[in-house]
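Below is one structure, written out as structure tokens, with a few remarks after it.
Quick caveat, the model's predicted, so the values are computed rather than measured. Labels below follow one simple rule: chain letters A, B, ... track the order of the sequence lines, proteins then strands, and each chain is numbered from 1.
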2 protein chains.
Amino acid sequence: MSSGAVHKRPSIHDVANHAGVSAATVSKVMHGVSTVKPENVQRVFEAVERLGYRADPLASDLRRAKRRIIGAILPEFESEFFGSMVTHLERLAELRGYTLVAASSGESEEREAEILRRMQDWRVAGVVLAPVRDEHGRGGELMQAHGMTGVMIDRVLSDESFDTVSADSMSASAEVARELIGRGHRHVLVVGLGEQGACVRARLEGFRRTAEALDPKVQIDVILCESDVEPLRASIRDYFSRGERPTAVFSLFLKGTLVALSEFRRRGWHCPDDISLVGFDDAEWMSVTWPTIAAVVQPVDQIAAQAMDMLFRRIDGETGPPTARLERCQLLVRESVGAPSSGPHPGGGAGQ
Amino acid sequence: MSSGAVHKRPSIHDVANHAGVSAATVSKVMHGVSTVKPENVQRVFEAVERLGYRADPLASDLRRAKRRIIGAILPEFESEFFGSMVTHLERLAELRGYTLVAASSGESEEREAEILRRMQDWRVAGVVLAPVRDEHGRGGELMQAHGMTGVMIDRVLSDESFDTVSADSMSASAEVARELIGRGHRHVLVVGLGEQGACVRARLEGFRRTAEALDPKVQIDVILCESDVEPLRASIRDYFSRGERPTAVFSLFLKGTLVALSEFRRRGWHCPDDISLVGFDDAEWMSVTWPTIAAVVQPVDQIAAQAMDMLFRRIDGETGPPTARLERCQLLVRESVGAPSSGPHPGGGAGQ
DNA sequence: GTGAAAGCGCTAACAA
DNA sequence: TTGTTAGCGCTTTCAC
């Protein structure tokens, strides 16, 4: 709660009065304009000090018709990936004197649109949008239709209206393929969430092409589901129940890795003895569990940096066709990846 | 990037012109003031529709001298706990027509102070502060000194100036004690991060008192470190290297659980056969790994709800002494907790 | 019922 | 070099 005394913050006029100058002069001093008499600069500083004056950035922005606010719209805050993304974006915005206002779309297109509208109401200088779905989402259209300045990140490989920055999914998947094929795996299950968008396709095709190039006889099974996680679990469970026995699973998303792990548990399979596992997205716990889990690390810091870079270039008026950047991922091979088990494939285990 | 056409958003005056009324009338219509002639209401709505007018909330707030913005200051965004906290706070703020602006202090007091200043510059209506340290932090003082309205959450059991909402650490720890003692553990290591603040003390004492009440001969070792995680790791490693062999570890924070797990790994110990593990804070992966990890679940939703409730009461002018709420936690006993191993305690294992 | 006028806190053009 | 004036987009008296 607030303490007893009502704190009415001093305005620029209060400072002006105390310093015996005009508000305009105070404003100049605050902005380091050099045409002010040193003596007055001094008096203004003193008044500022005494009153504890701090400018209201929103009022200032209003007048200048330019808000030093960047909006960020992300599907969620709960994951390490997006959490860390927010942290980076926040820092990069502040570095330039802007404030980041982040909002979560909760994987809902309506919500995404609503937030976009609010960002527009706020007249934010620019928006970093991690769209709810792949390139077919409405977010971009909305931004486009309202003439907003923005960058799209994650799950978007390119866009016809906006700059995009994403992880280089295709190369990363190719590296996973090299790793798995190299270790002798010839039957791999790929699981993933999301629409048949460019991002999923890149991850999938990057894997498939490289794997098949290394050994045309490799068997690659694929289970993709819409954005919900439970159908994916059901499909995977069903897949294993049918007796399918891949020697490795490659998950295109973190949730998929979790689902795969829990399905292994149900059946009493252990990594990497019974089956190998590697997935997109690293997490802190993956290097601590037994076994440790192999993961593709997306370069959050670089994605954030490039996105903000592009965004501010556009804010500063740079024109030209949209660019599409891809940032290199890193594959952390951990204990969950091994050679295919030499013995007979594990049986149905605790299946169903 | 923005498309070719420059989008200058319509102001309330544009609407007024199109509707053939004054800006004041438009304002009234937008706010549902009933003293406007129905015909004019109609024309205003039409103009709004045609122009796609949306009020600028910041300009509006400026005039009303009251910003519909809530600030949230959290130590980090990367954890599930705080990520989910932001999501909840965001939703609760929007429910009341406010926008949440979240910032991360990165466990730094300077940064916390800086953010607090910025929140004040923004003239936010209220602040939800999860302080960097326990009750000795400067955040509260700063808010107090500047007459800000706020609530403190997490790691703060009470405050003399602000309402607080936290998890009921003491009860939760007591329950952990009952569980461990009940299963026969008589030698427990408690690990934790953070100062000797009220929150850590509550968690520790809640455990100790209940455990000792159940069996006075129980041995409780404690390793507490300042806010950094590596010293904690070193201390734990050292502790085990000295040959200490507790049958269970109770971690007061998520990071501690991770450190404990990784130290178990180093030594080749498995839960719960070699040692049991339970810690504060649940995470998605804990129910998926082998073994699954027991955890105290903090009721993020309730903490958020109560905090926002208190905050808006204060914003609406409610006076009275600060309240201190504690929300009940839930203990999820999972596979990592078992009976003490009956055989000889595990040896030094891979120890250093 | 309505609109002119004043003003939130600030900045930018211009005149002095 | 400085202060006056005129707003940014909105709300709120308060006359009419």
Side-chain angles (χ1 to χ4, degrees), chain A residues 6-45 47-48 51-69 97 99 118 120-125, chain B residues 6-45 47-48 51-69 97 99 118 120-125:
Chain A
V6 173
H7 283 252
K8 199 170 169 311
R9 291 198 46 173
S11 81
I12 198 169
H13 291 283
D14 300 320
V15 177
N17 287 342
H18 275 249
V21 296
S22 77
T25 301
V26 176
S27 177
K28 282 169 191 147
V29 171
M30 298 301 282
H31 290 284
V33 173
S34 56
T35 63
V36 182
K37 207 193 324 183
E39 184 195 319
N40 281 336
V41 172
Q42 189 56 29
R43 306 175 54 136
V44 167
F45 278 148
V48 164
L51 298 177
Y53 171 74
R54 310 201 94 219
D56 180 336
L58 265 25
S60 160
D61 283 359
L62 178 61
R63 173 60 233 243
R64 297 152 55 135
K66 187 191 188 237
R67 294 209 184 156
R68 285 160 298 182
I69 302 174
T99 294
R118 195 179 26 167
Q120 196 200 2
D121 291 346
W122 274 52
R123 272 83 167 163
V124 297
Chain B
V6 173
H7 283 252
K8 198 170 169 313
R9 291 197 47 173
S11 80
I12 197 168
H13 291 282
D14 299 321
V15 177
N17 288 342
H18 276 249
V21 296
S22 75
T25 301
V26 176
S27 177
K28 283 170 190 146
V29 171
M30 298 301 282
H31 291 284
V33 173
S34 56
T35 63
V36 182
K37 207 191 328 184
E39 185 196 320
N40 281 337
V41 173
Q42 188 57 29
R43 306 174 55 137
V44 167
F45 277 148
V48 165
L51 299 178
Y53 171 73
R54 310 203 94 221
D56 180 336
L58 264 25
S60 160
D61 283 2
L62 178 61
R63 171 60 231 242
R64 300 151 59 140
K66 189 194 185 235
R67 274 167 218 187
R68 284 159 299 182
I69 301 174
T99 295
R118 195 181 29 177
Q120 194 200 6
D121 291 346
W122 275 50
R123 272 81 167 165
V124 298

Using a strict 4.0 Å threshold on nitrogen-to-oxygen distance, state whether Asp56(B) and Arg63(B) make a salt bridge.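 Here Asp56(B) does not pair with Arg63(B) in a salt bridge, since their nearest N and O are not under 4.0 Å apart.
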
With a non-hydrogen cut-off below 4.0 angstrom, is Ala24(A) in contact with a base, only sugar-phosphate, or nothing? base

Using a heavy-atom cut-off of 4.0 Å across all strands, would you classify Ala55(A) as base, sugar-phosphate, or nothing? sugar-phosphate

Side chain of Arg64(B), heavy atoms from C-beta onward: which of dG9(D), dT11(D), dG3(D) has the nearest atom to it?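 When the side chain of Arg64(B) is considered, dT11(D) is the closest of dG9(D), dT11(D), dG3(D).
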
Output side-chain donor-acceptor pairs under 3.5 Å for residues 30-41 of chain A, partner residues at least two apart or in another chain, one line each.
none

Counting C-beta onward and ignoring hydrogens, is there a side-chain heavy-atom pair between [X] and [Y] closer than 4.5 Å?
X         : Y        : result
Arg67(B)  : Leu62(B) : yes
Phe45(B)  : Val29(B) : yes
Arg118(A) : Pro57(B) : no

Is there a donor-acceptor pair under 3.5 Å between the side chain of Asn17(A) and the backbone N or O of Asp14(A)?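 Checking the backbone N and O of Asp14(A) against the side chain of Asn17(A), no donor-acceptor pair under 3.5 Å is found.
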
Do Arg9(B) side-chain atoms and Arg54(B) backbone N/O form a donor-acceptor pair below 3.5 Å?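 Yes, Arg9(B) side chain to Arg54(B) backbone: donor-acceptor pair under 3.5 Å.
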
State whether Ser27(B) places a side-chain N or O below 4.0 Å from either non-bridging phosphate oxygen (OP1 or OP2) of dT11(D). yes

With a cut-off of less than 4.0 Å, is there a side-chain N or O of His31(B) near OP1 or OP2 of dT11(D)?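 It does, given that an N or O in the side chain of His31(B) lies less than 4.0 Å from OP1 or OP2 of dT11(D).
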
Value in whole Å for how far the [atom2] atom of [N] lies from [atom1] of [X]:
X         : N       : atom1 : atom2 : value
Arg67(B)  : dG9(D)  : CZ    : P     : 16 Å
Ile12(A)  : dT4(D)  : CD1   : C1'   : 14 Å
Leu58(A)  : dC10(D) : CG    : P     : 14 Å
Asp61(B)  : dC10(D) : CG    : C1'   : 10 Å
Lys28(A)  : dT1(D)  : NZ    : C1'   : 8 Å
Gln42(A)  : dT1(D)  : CD    : P     : 17 Å
Asp121(A) : dG9(D)  : CG    : C1'   : 13 Å

More 5' along DNA chain D: Pro57(B) or Lys37(A), using each one's nearest nucleotide?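 Residue closer to the 5' terminus by nearest nucleotide: Lys37(A).
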
Looking at Arg63(A) and dG7(D), is any side-chain donor or acceptor paired with a base atom of the opposite kind under 3.5 Å? yes

Can you give me the first and the last nucleotide of DNA chain C (5' to 3') that has an atom within less than 4.0 angstrom of a non-hydrogen atom in chain A?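 First-to-last contact on DNA chain C, by the 4.0 Å heavy-atom rule, is dG9(C) to dA12(C).
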
Taking the nucleotide of DNA chain C with the closest heavy atom to each, which residue, Val21(B) or Asp56(A), is nearer the 5' end?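 Closest to the 5' end, via its nearest nucleotide, is Val21(B).
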
